[in-house]
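Since the structure comes first, as structure tokens, the remarks are kept for the end.
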Amino acid sequence: MRIAFLGTPEFAVPSLKMLIAEGHELAVFTQPDRPKDRGHALAMPAVKLTALEAGIPVYQFEKIRLPEGVEALTAFMPDLTVTAAFGQLLSEENLSIPKFGTVNVHGSLLPKYRGASPIQTAIIEGEEETGVTTMLTNIGMDTGDILLAAKTPIGENETYGELYTRLAELGAELLKETIAKIEAGTLEPIPQDEALATRCRPIKKQDAQIDFSLPSKRIHDLVRGLNPAPTAFARLGEANIKIHETRLVSNQQVLFERFGEAVLGECVIASPKQGLVVRTGDGFIEITELQFPGGKRLPAKAAMNGKKLAGSVFEGL
RNA sequence: CGCGGGGUGGAGCAGCCGGUAGCUCGUCGGGCUCAUAAUCCGAAGGUUGGAGGUUCGAGUCCUCCCCCCGCAA
């Protein structure tokens with residue numbers, strides 16, 4: 001069928017590729033190219049690159065709900081609109097165009113984690129399970145009726161980046177199934193239970209700073225939930241030190257005997273051989289990969305060769 | 001031509017106002033040990049990112065280039 005695909009980053013790519021492989025007639029709408037990183041180069045969204053490779057027409061509007069966008073979408077005359085991490089709000093007008101409606105692929109088990117950062121937030125909140133949901137888009141923020149959902153466990157050391165990739169793939173499969181059922185007319189949309197709904201907000205820089213007075217598990221969840229970006233960090237004097245990876249330690253007992261008196265945030269062990277261990281609110285945590293200003297990310301044991309952190313204390317918030 | 005930090009033996013770093021390079025780890029050899037991630041002794045390994053310039057002499061100053069990183073977006 002004719003499908004308008006609205007999506008932007010990597011998360012949407014597997015879904016788009018699936019639609020291409022299924023032979024649908026496609027038009028892609030994505031965010032405008034943006035200046036990226038240092039220098040001034042404009043970068044194309046991942047979805048645009050994929051579309052161009054496949055020879056699919058690409059439209060880029062600052063806001064698709066403005067007349068220009070509505071016009072272009074209308075002109076394509078889609079049977080269905082699919083959105084996946086598009087990054088723009090749709091208008092009532094946009095939604096009224098396709099006869100089968102608008103289906104969104106969302107990276108959480110709705111009604112939990114509606115909003116902008118469902119994958120990161122699920123990890124940061126210490127969830128052991130998450131998934132993807134397809135839903136009928138309405139005007140609210142991920143509030144439409146649920147079509148299908150697929151669950152998946154979150155590994156104890158799984159990072160945002162890893163889960164992101166898995167959910168993107170899982171989302172593509174679920175979208176395929178969803179479209180098949182739409183075509184067959186066998187879907188029964190289920191309204192979301194508002195009582196169970198939670199909302200996640202975009203990650204702000206402040207959210208990425210580690211508070212070592214928290215329990216080790218909370219810190220670990222924050223670090224992996226922000227890996228590879230935007231990356232958790234800790235303040236040490238004037239420097240912001242990025243913390244890329246941590247591990248929960250099992251020998252808490254021994255550490256307490258040796259370093260029970262340590263201040264929260266103190267580096268109790270910091271050596272090339274034993275790595276970096278920091279005192280937390282309820283015990284200790286091992287930092288296994290970090291990054292100093294101006295440097296690249298390093299395994300902690302390598303970083304300890306040149307930096308003497310033993311006894312240093314990461315500042316509180 | 002958005003702002004800023006950095007490129008020094010395999011890795012991470014030091015080297016203040018210029019005088020032929022040092023530390024930690026690793027590597028190799030050996031000792032100790034039942035053994036070892038532990039520890040001791042010794043050794044190898046660098047044209048200091050590249051090209052010019054200033055100087056009696058540059059890792060250290062100036063110019064240009066390449067690469068890496070952070071912020072901002």
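Atom set for the values below is all heavy atoms of this structure, side chains included, hydrogens, waters and symmetry mates excluded. In what follows, chains are A, B, ... by sequence order, proteins preceding strands, each numbered from 1.
In this structure, A/Pro35 reaches the bases: a heavy-atom distance under 4.0 Å links it to at least one base atom across the strands shown. Among the protein residues, A/Lys242 comes within range of the sugar-phosphate backbone only, with heavy atoms under 4.0 Å from sugar or phosphate atoms but none that close to a base. No engagement by A/Gln274 is indicated, since no non-hydrogen atom pair under 4.0 Å with the nucleic acid exists. Using a 4.0 Å heavy-atom distance criterion, A/Asp37 is classed as a base contact. Looking at heavy-atom distances under 4.0 Å, A/Arg297 makes no contact with the nucleic acid at all.
One P atom belongs to B/U47, the other to B/G10, and the distance between them is 9 Å to the nearest Å. Taking the C1' atom of each, B/C32 and B/U20 are spaced 40 Å apart, rounded to whole Å. The separation of B/A58 from B/U48, taken at their C1' atoms, amounts to 11 Å, rounded to a whole angstrom. With C1' as the reference atom, B/U33 and B/C41 are 16 Å apart, rounded to whole Å. Separating the C1' atom of B/G57 from that of B/C23 is a span of 26 Å, rounded to the nearest Å. Distance check on atom P: B/A21 versus B/G29 gives 28 Å, rounded to whole Å. Comparing B/U60 with B/G2, their P atoms are spaced 28 Å from each other, to the whole Å. Between B/U36 and B/G46, the distance separating the two C1' atoms is 33 Å to the nearest Å.
Donor-acceptor pairing under 3.5 Å is lacking for the side chains of A/Asn94 and A/Ser96. A donor-acceptor pair shorter than 3.5 Å cannot be found between the side chains of A/Asp145 and A/Gln192. Side-chain atoms of A/Thr280 and A/Ser216 form a donor-acceptor pair, as typed in the model, at a separation below 3.5 Å. Side-chain contact annotation: A/Asn104 with A/Thr137, donor-acceptor N/O pair under 3.5 Å absent. No side-chain donor-acceptor contact under 3.5 Å links A/Arg224 and A/Asn157.
Base pairing of B/C71: its partner is B/G2, meeting the Watson-Crick or G-U wobble criterion (both donor-acceptor distances under 3.5 Å). Nucleotide B/G9 forms no Watson-Crick or G-U wobble pair with any nucleotide shown, as no partner meets the under 3.5 Å limit on both distances. With a 3.5 Å ceiling on both atom-pair distances, the Watson-Crick or G-U wobble partner of B/A43 is B/U27. Nucleotide B/A21: unpaired (no Watson-Crick or G-U wobble partner with both distances less than 3.5 Å). Across all strands shown, B/A51 is found opposite B/U63 as a Watson-Crick or G-U wobble partner, with both distances under 3.5 Å. B/C34 is unpaired under the Watson-Crick or G-U wobble criterion, no partner having all donor-acceptor distances under 3.5 Å.
Figure legend: cation-pi geometry between A/Arg2 and A/Phe76, with NZ or CZ positioned under 6.0 Å from the six-membered ring centre and within 45° of its axis.
Residues A/Val268 and A/Val277 form a side-chain contact, since some pair of their non-hydrogen atoms from C-beta on lies under 4.5 Å apart. Side-chain contact check for A/Thr198 versus A/Pro111: every heavy-atom pair is 4.5 Å or farther apart.
With the nearest nucleotide of RNA chain B identified for both A/Pro230 and A/Lys301, A/Lys301 has the one nearer the 5' end. Nearest-nucleotide assignment on RNA chain B puts the 5′-proximal partner with A/Lys308, out of A/Lys308 and A/Lys296.
Contacts between chain A and RNA chain B, taken as any atom within less than 4.0 angstrom of a protein heavy atom, begin and end at B/C1 to B/A73.
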